[in-house]
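So the structure is just underneath, and the comments pick up after that.
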Amino acid sequence: MSELWNELVNTAMVGTSKKDPNTNSWPKELRLIADQISQQNQDKEDVFLKTSGLIYNYKKSGWVPKPSYLTPTEVCEKEDLPYCSSQASICLQVILDESLTNFLEYWLVYCKNTNRIVLPIQLQALLEIASANPNLQEHIMKCCGKRGLWLSKLNPNWQIKVLDSQEDVFKTGKSDERKKALFGIRQSDPAKARDLLQESWKQEQANTRADLLDALNINLSIEDEPFLKSITEDKSQRVKDKTYALLKNIPGSYICEEVFLFTKSLVSLKKSNALLGLLQKESIELDLNFELPPSFKKYGFDDLQVAENYTEKELLLYKLISSVPPNYWENHFSLTPVTILEVFEKRKESKKYLSAFALAANSFKNLEWAILLYTKYKKLCIDLVPLFADDLKEEIALDLVEEYANNIYLILPDLSKEWTLSFCTALLKFTVNDPYTFSKNYFRKIAHHFPISILDEIESFHPKNENYTGNWNTIKTEIIKLIEIKKLLIESF
Amino acid sequence: MNLTEEQILALAPDDSSKKSGKEIANSSKWNNRGLNEKAMWGECQGSGAKPYRTQVDLQNLAFKCSCPSRKFPCKHGLGLLLNFRKTSTSFTQKESPDWVKEWIDKRAEKEEKKTEKKEKTPDPESQKKRLEQRTQKINQGIEELQLFIKDTVRNGVLLLPEKANSGFRQMAKRMIDSQAQGLSNQLKSFDELNYYRESWPSECLSKLAKLYLICEAFKNLESLETGLKEDIKSLIGFNHSTEELKQQTGIVDDWIVLCKEVDEEDQLTIQRHWLYGVNSKRYALILHFAVRSQPQELTITPGTCIKAELVYYPGNSQLRALIKKQEQTKPISSIEGLNSFKELNEQEAIFSSSNPFAEHWPYCITNVKIGFNETNIILIDQNQDCIQLVGTSHQLYKTLALTGGQGFTAALLGQEGKYSLMGVWFNNQYAVI
């Protein structure tokens with residue numbers, strides 16, 4: 001049949017003035033009709049078009065279904081878990097329609113925690129999101145059930161890397177994926193992550209080496225020292241700088257010991273008698289007439305920035321103190337952390353080094369010192385906030401709400417936690433006066449942390465500048481909508 | 001009243017209404033919400049002092065709102081339905097307030113008046129004269145058109161891509177002058193030819209041959225049997241009076257709304273709803289035309305089932321119909337479809353012989369599965385025969401997500417072995433694809 005039609009198409013292409021269709025090979029019945037058409041008409045084009053019409057209809061009516069040349073898609077296994085409720089599904093659809101990524105994560109956590117899975121009708125949308133947002137992949141795949149897993153493997157464009165083992169991703173993925181995988185492995189198995197890095201080290205490019213080295217910041221320990229020592233002579237300056245920075249932060253490493261040995265010679269505890277010998281006074285004396293050992297240059301101690309109220313030597317000493325584990329001073333001075341800090345606080349010359357201890361506590365992950373430094377001196381070790389107790393976190397959040405409003409997760413790092421009403425009230429009181437910085441988009445990212453009870457308070461916030469009232473009203477409507485979505489979400493599960 | 005969000009949004013006249021409707025679905029915007037079996041209502045605070053009063057006729061899915069928007073339904077109507085979907089408990093079951101009752105009663109009165117209203121009987125002599133004049137114009141147009149088609153095939157279609165369809169567009173305008181709107185539409189469809197596709201010469205010849213045949217058929221109209229005659233007249237552009245059609249007895253059935261297609265042509269919006277009668281096992285195509293700024297009167301939603309009386313337009317196709325009476329939406333039941341592609345093929349041969357000019361036919365076929373590779377998507381029946389599926393990867397994965405690779409009942413539209421998937425029945429639920 002296609003031959004008959006193709007013959008006509010070829011004729012149409014070049015034109016009937018140049019070619020006539022060859023009907024000799026046509027089936028008898030068709031040739032009969034074609035001949036009748038020819039006989040009734042003189043006009044070549046008329047004959048051609050009528051004949052084409054004949055074959056056009058013959059072709060349409062004459063197709064037959066072919067045997068399948070593909071096998072049907074393999075059937076998915078049955079689900080073990082029940083589907084979420086239709087209300088939860090509606091809530092999810094609202095979240096997807098509004099593109100509320102943070103709410104989506106929140107919804108997925110609820111879904112997983114209640115051992116439910118997403119309805120099939122929403123799987124495709126979620127897998128599209130998983131493909132585009134690697135940080136959501138794990139959450140999504142946990143809620144997609146067997147059908148989601150099955151479906152994700154059918155579409156090569158959905159590169160759901162979370163399904164592969166992290167080791168496989170490190171070996172075969174793109175650079176961002178490899179870095180993320182290495183970070184992931186380092187969380188659960190620091191030695192394995194180090195071994196993988198060591199194995200691939202020589203094949204990596206300089207920039208990649210430097211990027212991957214960041215993974216060792218996680219669970220850094222003395223066991224990492226041999227590997228880091230072996231790469232201190234790397235060709236890349238960036239790699240060298242990062243290596244020394246890591247070695248500096250390992251308590252007990254050769255660099256740490258060397259730095260402490262030098263620094264303690266500059267910081268001495270002077271004891272003197274007071275009140276006719278009845279009391280002993282302690283104070284810190286600092287020796288600023290020093291020259292750094294040559295090796296300290298490569299450890300990163302020579303690139304000083306200018307700081308107000310610090311001379312060059314004072315700044316160097318500051319850096320040295322911040323590079324010593326704070327608990328080393330406890331043994332050195334035989335004093336408790338509280339006392340050490342009090343002694344440093346006594347004199348103006350030594351008080352300026354209190355924040356150096358905060359940096360040290362942060363670098364060496366010393367929780368005891370970090371808590372003490374904040375509670376007594378309001379010096380914050382930002383990296384250690386996740387380890388603080390909830391009430392301290394709340395205190396920090398309330399104290400620093402204005403400073404960290406734009407980086408809330410630095411002081412409230414738990415992404416799944418609901419914030420207290422008092423904190424949210426403080427936040428809104430501050431942000432209401434700057435609707436351009438703290439816009440609708442700002443609240444879309446964080447509103448899922450707000451308690452539902454904020455709805456009772458929301459009308460009480462007004463910007464001081466009346467010109468901002470219109471903007472604020474728009475933001476307020478958005479916040480109310482977002483909290484209602486949260487309410488719907490909670491009720492759905 | 002159990003519409004999905006997709007179904008509610010399908011009522012929106014444009015994307016910006018969908019977006020605004022979703023924004024306004026927030027409960028904080030609404031007060032005094034209520035419903036009963038006839039209507040749903042609420043008051044929505046806008047920028048003005050007085051809130052807007054929005055109401056929905058639940059039996060016929062019609063909307064009214066006191067806002068100044070000219071869109072239909074407006075964002076408030078959509079928002080009210082969406083809000084009900086999210087928070088139905090906030091709606092109190094009660095007697096309608098006066099402003100709702102008044103509207104519902106007026107609508108019922110209007111419906112009654114429509115059925116009672118007598119048609120002004122047209123003067124048969126003038127009608128005949130107008131018809132003769134029109135037929136003469138069409139015949140003149142057809143002569144010109146056939147000459148054009150012959151010139152095209154004489155010179156060969158190879159050079160058509162260079163001419164960018166200018167000849168067809170000119171001819172389309174001529175056909176409007178000849179009062180043959182249908183032929184004009186056929187000519188405009190040459191703009192859909194994709195000259196980068198290998199198959200374009202075959203598609204081009206198919207269109208030319210079909211157009212030529214329609215012209216020949218019109219010239220020999222009186223020799224055709226009645227049904228085919230009506231189909232040809234319809235293809236040329238003759239219309240039927242909807243009021244006259246509504247006088248006829250239609251088919252009362254539960255009609256599943258299989259899908260909706262929307263096309264924009266110049267200033268016109270064309271909606272095509274494909275329906276399937278559960279008991280009569282008949283298909284129907286409801287066509288609705290609206291000028292873009294005007295409200296859409298038709299409110300049937302894909303994926304729902306309506307109890308309605310449909311009257312078919314005359315012709316062999318027996319597809320195009322209009323809704324004479326619509327009662328209420330019902331839950332969708334499952335259906336019995338064809339059992340194999342061989343049966344589909346036999347059915348298609350019968351359809352094609354009754355109307356050779358139809359572009360596509362609808363079918364429902366049970367127990368089919370999907371097979372696909374990088375370039376093709378096929379449906380496989382229980383005899384392991386297959387047909388080509390025309391569609392997007394989005395549709396493919398949506399279907400697979402719903403069915404999990406198991407056999408399902410498919411609602412298809414197409415012909416000659418190539419079909420698009422309108423919807424899927426699986427686990428006693430219908431989903432529009």
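Proteins come first, then strands; the chains are lettered A, B, ... in the order of their sequence lines, and each starts at number 1.
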Is chain A contacted by the side chain of B:Tyr397, its backbone, both, or neither, given a heavy-atom distance below 4.5 Å?
both
For B:Ile378 and A:Ser68: C-alpha separation, side-chain torsions, deciding distance, then whether side-chain contact (heavy atoms from CB on, under 4.5 Å) applies.
CA-CA 8 Å; B:Ile378 59 171; A:Ser68 173; 3.5 Å; yes
For a quick test of reading the model, state the closest non-hydrogen atom pair linking A:Trp150 to B:Gly405 and the distance between them.
CH2-N, 3.4 Å
Heavy-atom proximity to chain A below 4.5 Å, by part of B:Gln146
neither
side-chain contact (heavy atoms from CB on, under 4.5 Å), that's the test. Do B:Leu208 and A:Tyr56 meet it? Break it down for me.
CA-CA 10 Å; B:Leu208 289 170; A:Tyr56 164 72; over 6 Å; no
Using non-hydrogen atoms and a 4.5 Å limit, figure out which bit of A:Leu49 sits close to chain B: side chain, backbone, both or neither.
both
For the CD atom on B:Gln347, are there more than 12 heavy atoms of other groups (residues, nucleotides or ligands in this structure) within a distance under 6.0 Å?
yes
If you look at every heavy atom in A:Pro67 and B:Asp385, which pair is closest and at what distance?
CA-OD1, 3.7 Å
Give, as side chain, backbone, both or neither, the part of B:Lys19 having an atom under 4.5 angstrom from any heavy atom of chain A.
neither
Let me know if B:Leu400 has heavy atoms under 4.5 Å from chain A in its side chain, its backbone, both or neither.
both
Above 12 or not: heavy atoms from other molecules or residues under 6.0 Å from CD of A:Glu491?
yes
By a 4.5 Å heavy-atom criterion (distance strictly below it), what part of A:Thr477 contacts chain B: side chain, backbone, both, or neither?
both
Which heavy atom in B:Lys150 sits nearest to a heavy atom in A:Asp46, and how many Å separate them?
CD-N, 3.8 Å
With chain A, which of B:Gly371, B:Cys204, B:Ser206 has the greatest number of heavy-atom pairs at distances under 4.5 Å?
B:Ser206
Minimum-distance pair of heavy atoms, taken over all atoms of B:Arg154 and A:Ser17
O-OG, 3.0 Å
Can a donor-acceptor pair be found, under 3.5 Å and without considering hydrogens, that links the side chain of A:Ser52 to the backbone of B:Ala209?
no
Contacting moiety of B:Asn383, where chain A heavy atoms sit under 4.5 Å:
neither
Check each atom of A:Leu455 against the heavy atoms of chain B and say whether the ones under 4.5 Å are side chain, backbone, both or neither.
neither
Answer key: most heavy-atom pairs under 4.5 Å with chain A among B:Ser393, B:Ala431, B:Gly404 is B:Gly404
Answer with side chain, backbone, both or neither: which region of B:Ile350 has an atom nearer than 4.5 Å to a non-hydrogen atom of chain A?
neither
Evaluate whether atom NZ of B:Lys29 has more than 12 neighbouring non-hydrogen atoms of other residues, nucleotides or ligands under 6.0 angstrom away.
no
Region of B:Lys398 in contact with chain A, defined by heavy-atom distances below 4.5 Å
both
At a 4.5 Å cut-off on heavy atoms, which part of A:Val64 comes close to chain B: side chain, backbone, both, or neither?
both
Is it true that, when you exclude A:Lys487 itself, more than 12 heavy atoms of the residues, nucleotides or ligands shown sit nearer than 6.0 Å to its NZ?
no
Check each atom of A:Asn57 against the heavy atoms of chain B and say whether the ones under 4.5 Å are side chain, backbone, both or neither.
side chain
Side-chain donor or acceptor of A:Gln124 paired with backbone N/O of B:His394 under 3.5 Å:
yes
Pick whichever of B:Glu348, B:Glu374, B:Lys369 has the most heavy-atom pairs under 4.5 Å with chain A.
B:Glu348
Proximity breakdown for B:Phe351 and chain A, heavy-atom pairs closer than 4.5 Å
neither
Chain B contact via A:Leu123 - side chain, backbone, both or neither, heavy atoms under 4.5 Å:
side chain
Identify which part of B:Leu213 has an atom lying under 4.5 Å from any heavy atom of chain A, answering side chain, backbone, both or neither.
side chain
Quick check on A:Glu74 against chain B: is it the side chain, the backbone, both or neither that has a heavy atom closer than 4.5 Å?
backbone
Which heavy atom in B:Ile387 sits nearest to a heavy atom in A:Trp63, and how many Å separate them?
CG2-CH2, 3.8 Å
So, does A:Lys60 use its side chain to make a donor-acceptor pair with the main chain of B:Pro356 at under 3.5 Å?
yes
